[in-house]
Amino acid sequence: MSKIAMSTPLVEMDGDEMTRVIWQMIKDKLITPYVDLKTEYYDLGLVHRNETNDQVTIDSAEATKKYGVAVKCATITPNAARMDEYDLKEMWKSPNGTIRAILDGTVFRAPILVKGITPYIPTWTKPITIARHAYGDVYKNSEMTVPKGSKAELVVTDEKGNETRQSIYDFADSDGIIQGVHNKDKSIASFARACFNYALDTKQSVWFATKDTISKKYDHRFKDIFAEIFENEYKAKFDSAGIEYFYTLIDDAVARVIRSNGGYIWACKNYDGDVMSDMVATAYGSLAMMTSVLVSPDGIYEYEAAHGTVQRHYYKHLKGEETSTNSVATIFAWTGALRKRGELDGNKELSAFADALEKAVIDTIEGGVMTGDLAALSSIENKRKVNTEEFLDEVAKNIVLG
Ligand code: NAP
Ligand code: MG
């Protein structure tokens with residue numbers, strides 16, 4: 001059998017711990033037997049990030065800009081414990097944060113649905129994709145405690161030094177707290193375009209919600225920017241794709257989401273996305289079945305699993321104990337990237353391979369073979385819990401190429 005050729009490389013970002021172990025197995029068992037895999041390899045494992053003073057992370061993001069598609073393994077974000085464990089020169093920043101800043105992207109998270117695992121909201125028969133605006137608001141705030149007897153004001157100083165003041169509150173009778181938050185028109189516009197582009201790409205409608213009735217300038221700005229960009233740049237394309245842009249208030253959106261069947265992109269302000277993505281992920285079952293893709297406003301894609309490096313399993317693995325780590329979201333990171341590469345290069349065979357591999361994964365689980373996390377949830381009869389490697393071997397057996 002001849003292998004599927006690739007004309008353009010994928011940017012491959014290797015990572016840490018259990019996901020690094022799985023990464024190599026996925027390539028060896030599921031991809032390189034079928035694809036003449038071309039990648040530009042960057043080792044984002046913590047050891048190499050430390051050796052390169054984190055330059056490798058920046059280089060991998062620049063390469064992603066150049067080639068347009070990347071696939072990333074989960075990576076350790078260092079904390080104090082990791083400083084000792086890896087004898088780090090510095091507490092390097094989260095690679096995902098660095099890459100997101102360079103690509104100016106929005107993260108879309110969507111669950112993989114399989115028969116036998118019913119979401120906690122059983123009517124959610126299609127995935128809900130959450131897009132979180134990962135800039136500003138309370139995540140870049142400035143806050144103070146205020147002693148009784150103080151007056152708090154907002155002060156804006158323009159280029160010429162003129163001040164505009166507005167009262168926040170007169171703390172005449174009590175101590176209190178205040179908070180200043182901001183966002184940028186530019187960032188909101190990038191977020192809107194990323195959502196609308198991804199909607200066209202995946203043929204799903206976009207829902208967006210804020211609290212504009214209460215926040216008549218701040219939240220209203222989000223509403224206006226989305227509406228203006230949609231009308232001017234996307235309305236016609238949405239009409240011909242048969243999808244829609246729907247705006248409502250955040251509390252109304254939450255109620256509608258619960259009643260919905262899924263199958264749309266839910267664009268969320270930063271805090272809403274933080275909170276709602278955890279709720280939605282939990283409701284669909286397992287973090288190990290959640291995919292994640294970073295999409296830049298100019299159409300660059302970086303695929304990964306939403307979960308971390310599964311440290312607890314890795315320490316078991318190092319001790320020689322058997323693990324049953326779910327590789328599904330990491331496999332789907334690879335298939336997402338290969339399919340997108342195929343689309344961009346007009347390489348139908350490559351995209352078809354990605355579809356076939358995804359189908360093999362779903363067929364394996366729906367056929368009753370799964371890792372421990374899913375076995376604990378699945379209602380399928382005669383299910384069989386397998387270890388990390390056995391699962392990949394079973395998937396390999398189920399790959400059917402057209
Ligand atoms: P985690 O790796 O997501 O794992 C948390 C727990 O969730 C695991 O202990 C496991 O539960 C379960 N789990 C997650 N993925 C699983 C899978 N594929 N198969 C089976 N079970 C799975 O989160 P963490 O332990 O908090 O973080 C570990 C490291 O990952 C940290 O250094 C963090 O910085 C990093 N991280 C990276 C990313 C990223 O690169 N995108 C994202 C998040 C975290 P049980 O132990 O109960 O089996
Ligand atoms: Mg959260």
Side-chain angles (χ1 to χ4, degrees), residues 12-23 25-26 42-50 54 56-57 60-61 70-86 88 91-100 103 105 107-112 114 117 132 134 274 277-278 281-282 284-294 302-319 321-334 336-337 361 364-365 369-378 385-392 395:
E12 175 183 356
M13 303 170 177
D14 207 343
D16 288 299
E17 300 194 311
M18 201 60 204
T19 41
R20 188 182 180 96
V21 175
I22 288 173
W23 193 257
M25 287 186 193
I26 291 172
Y42 293 87
D43 183 1
L44 267 56
L46 188 50
V47 173
H48 194 238
R49 272 184 278 148
N50 192 51
D54 209 24
V56 65
T57 306
S60 72
V71 56
K72 181 180 170 290
C73 180
T75 46
I76 293 169
T77 298
N79 55 16
R82 302 296 198 170
M83 293 290 290
D84 294 338
E85 186 182 353
Y86 285 84
L88 300 179
M91 205 184 283
W92 307 111
K93 282 191 249 169
S94 150
N96 286 30
T98 302
I99 295 164
R100 195 163 60 216
L103 299 180
V107 174
F108 296 84
R109 279 174 151 214
I112 300 155
V114 289
I117 296 174
R132 174 179 171 190
D274 185 349
S277 64
D278 283 6
T282 306
Y284 276 106
S286 172
L287 186 57
M289 299 291 276
M290 187 62 74
T291 63
S292 176
V293 56
L294 176 72
E302 185 236 62
Y303 294 84
E304 67 170 336
H307 61 76
T309 60
V310 213
Q311 179 183 21
R312 200 182 67 79
H313 295 210
Y314 181 60
Y315 288 167
K316 276 178 77 178
H317 170 80
L318 287 181
K319 281 193 265 174
E321 290 171 29
E322 183 167 77
T323 58
S324 184
T325 312
N326 188 332
S327 50
V328 171
T330 307
I331 298 172
F332 274 62
W334 275 99
V361 169
T364 302
I365 298 168
V369 176
M370 60 198 85
T371 46
D373 58 318
L374 297 186
L377 298 170
S378 177
K385 176 188 161 182
V386 291
N387 69 33
T388 307
E389 191 164 7
E390 281 166 351
F391 180 76
L392 292 164
V395 172

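Atoms within each ligand, like the ligands themselves, are counted from 1 in listed order. Start at 1 with the first residue, then count along the sequence.
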Q: Can you pull out the closest protein heavy atom to atom 4 (O) of ligand 1? Residue, atom name and distance to 0.1 Å, please.
A: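 Going by distance alone, atom 4 (O) of ligand 1 is nearest to V310 CA, 4.2 Å.
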Q: Could you identify the single nearest non-hydrogen protein atom to atom 37 (C) of ligand 1 and state the distance to 0.1 Å?
A: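 Result: T75 O, 3.0 Å.
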Q: Looking at atom 32 (O) of ligand 1, would you say a protein heavy atom lies below 4.0 Å from it?
A: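 Flag for atom 32 (O) of ligand 1 set to true, protein heavy atom closer than 4.0 Å.
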Q: Is atom NZ of K316 surrounded by more than 12 heavy atoms (other residues, nucleotides or ligands) closer than 6.0 Å?
A: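 More than 12 heavy atoms, drawn from other residues, nucleotides or ligands, come within 6.0 Å of this atom.
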Q: Given the protein's heavy atoms, is any one of them under 4.0 Å from atom 24 (P) of ligand 1?
A: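 No, because not a single protein heavy atom sits under 4.0 Å from atom 24 (P) of ligand 1.
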Q: Hey, is ligand 1 close enough to T325 that some N/O pair sits below 3.5 Å?
A: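 N/O-N/O distance below 3.5 Å does not exist for this pair.
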Q: Quick test: of every protein heavy atom, which one is nearest to atom 34 (O) of ligand 1, and how far off is it to 0.1 Å?
A: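 Nearest neighbour among protein heavy atoms for atom 34 (O) of ligand 1, to 0.1 Å: T77 N, 2.9 Å.
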Q: Does the T291 side chain pair with the main chain of A110, one donor and one acceptor, at a distance under 3.5 Å?
A: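 A pair under 3.5 Å: yes.
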Q: Starting from atom 48 (O) of ligand 1, find the nearest protein heavy-atom neighbour and note its residue, name and distance.
A: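 So the nearest neighbour among protein heavy atoms is H313 NE2, 2.8 Å.
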Q: Do the charged groups of D16 and R49 touch, with an N to O distance under 4.0 Å?
A: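 Salt bridge between D16 and R49, a charged N being under 4.0 Å from a carboxylate O: yes.
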Q: Would you say the side chain of W334 lies within less than 4.5 Å of the side chain of W23, judging by non-hydrogen atoms?
A: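 When only atoms from C-beta onward are counted, W334 and W23 do touch, with a gap below 4.5 Å.
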Q: Of the choices N326, N79, T323, which has the non-hydrogen atom that lies closest to atom 20 (C) of ligand 1?
A: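 Looking at heavy atoms only, the winner is N326.
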Q: Which heavy atom in K93 sits nearest to a heavy atom in P78, and how many Å separate them?
A: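 The pair with the smallest heavy-atom distance is O-CD, 4.5 Å.
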Q: Is there a side-chain contact between I365 and F391 in this structure, where contact means two heavy atoms from C-beta onward sitting under 4.5 Å apart?
A: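 In contact.
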Q: Are T77 and P95 close enough that some pair of their side-chain heavy atoms sits under 4.5 Å apart?
A: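 T77 reaches P95 side chain to side chain.
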Q: Closest non-hydrogen protein atom to atom 7 (O) of ligand 1, residue and atom name please, with distance?
A: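 Result for atom 7 (O) of ligand 1: L287 CD2, 4.8 Å.
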Q: Nearest non-hydrogen atom to atom 30 (O) of ligand 1 belongs to which of L46, T309, T19, T388?
A: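 The residue whose heavy atom sits nearest atom 30 (O) of ligand 1 is T309.
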Q: Tell me, which protein residue and heavy-atom name are nearest atom 3 (O) of ligand 1, and how many Å apart are they?
A: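 Nearest protein contact, heavy atoms only, for atom 3 (O) of ligand 1 is G308 N, 2.8 Å.
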Q: Would you say ligand 1 has an N or O under 3.5 Å from any N or O of S324?
A: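 No, since none of the N or O atoms of S324 sits under 3.5 Å from an N or O of ligand 1.
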Q: Would you please determine whether R82 falls within less than 4.0 Å of ligand 1 on a heavy-atom basis?
A: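 Per 4.0 Å heavy-atom rule, R82 contacts ligand 1.
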Q: Ligand 1 versus N96, non-hydrogen atoms closer than 4.0 Å: side chain, backbone, both, neither?
A: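 Side chain only.
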Q: Using side-chain heavy atoms (C-beta onward) and a distance below 4.5 Å, is I99 in contact with L44?
A: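 Yes, their side chains come closer than 4.5 Å.
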Q: For a 4.5 angstrom cut-off between non-hydrogen side-chain atoms, does R20 reach T309?
A: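 A side-chain contact under 4.5 Å is absent here.
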Q: Is it true that D373 and T371 share a donor-acceptor pair across their side chains at a distance under 3.5 Å?
A: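 Yes, D373 and T371 have a side-chain donor paired with an acceptor closer than 3.5 Å.
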Q: Do H307 and T330 make a side-chain contact, defined as non-hydrogen atoms from C-beta onward lying under 4.5 Å apart?
A: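 Yes. Closest side-chain heavy atoms under 4.5 Å.
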Q: Is atom 45 (P) of ligand 1 in close reach of the protein, with a heavy atom under 4.0 Å away?
A: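 Yes, because at least one protein heavy atom sits under 4.0 Å from atom 45 (P) of ligand 1.
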Q: Is there a donor-acceptor contact under 3.5 Å from the side chain of H48 to the main chain of D43?
A: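 A pair under 3.5 Å: yes.
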Q: How far is atom 14 (C) of ligand 1 from its nearest protein heavy atom, and which residue and atom is that?
A: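 Of every protein heavy atom, H307 CB, 4.0 Å lies nearest to atom 14 (C) of ligand 1.
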Q: With heavy-atom distances below 4.5 Å as the criterion, would you say the side chains of K72 and N96 are in contact?
A: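 Yes, close enough: below the 4.5 Å cut-off.
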Q: Distance under 4.0 Å to a non-hydrogen atom of A74: what atoms of ligand 1 satisfy this?
A: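 Once the distances to A74 are compared, the set is 40 (O).
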Q: Is there at least one protein heavy-atom neighbour under 4.0 Å from atom 42 (C) of ligand 1?
A: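 Yes, there is a protein heavy atom closer to it than 4.0 Å.
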Q: Does the protein place any heavy atom closer than 4.0 Å to atom 17 (C) of ligand 1?
A: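 So far as the 4.0 Å threshold goes, atom 17 (C) of ligand 1 is in reach of a protein heavy atom.
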Q: Using a 4.0 Å heavy-atom cut-off, say whether K72 meets ligand 1 through its side chain, its backbone, both or neither.
A: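 Near ligand 1, K72 shows its side chain, while the N, CA, C and O stay back.
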Q: Which protein non-hydrogen atom lies closest to atom 47 (O) of ligand 1, naming both residue and atom, and how far is it?
A: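 Atom 47 (O) of ligand 1 sits closest to the protein heavy atom R312 NH2, 3.9 Å.
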Q: Is the shortest heavy-atom distance from the side chain of M289 to the side chain of I112 under 4.5 Å?
A: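 A side-chain contact exists here, since the closest heavy-atom pair is under 4.5 Å.
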Q: Within a distance of under 4.0 Å, is there any protein heavy atom near atom 12 (C) of ligand 1?
A: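 No, there is no protein heavy atom closer to it than 4.0 Å.
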Q: Counting each atom of ligand 1 from 1 as listed, which ones have a heavy atom of A288 under 4.0 Å away?
A: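 Those qualifying, in numeric order: 16 (C), 17 (C), 18 (N), 19 (N).
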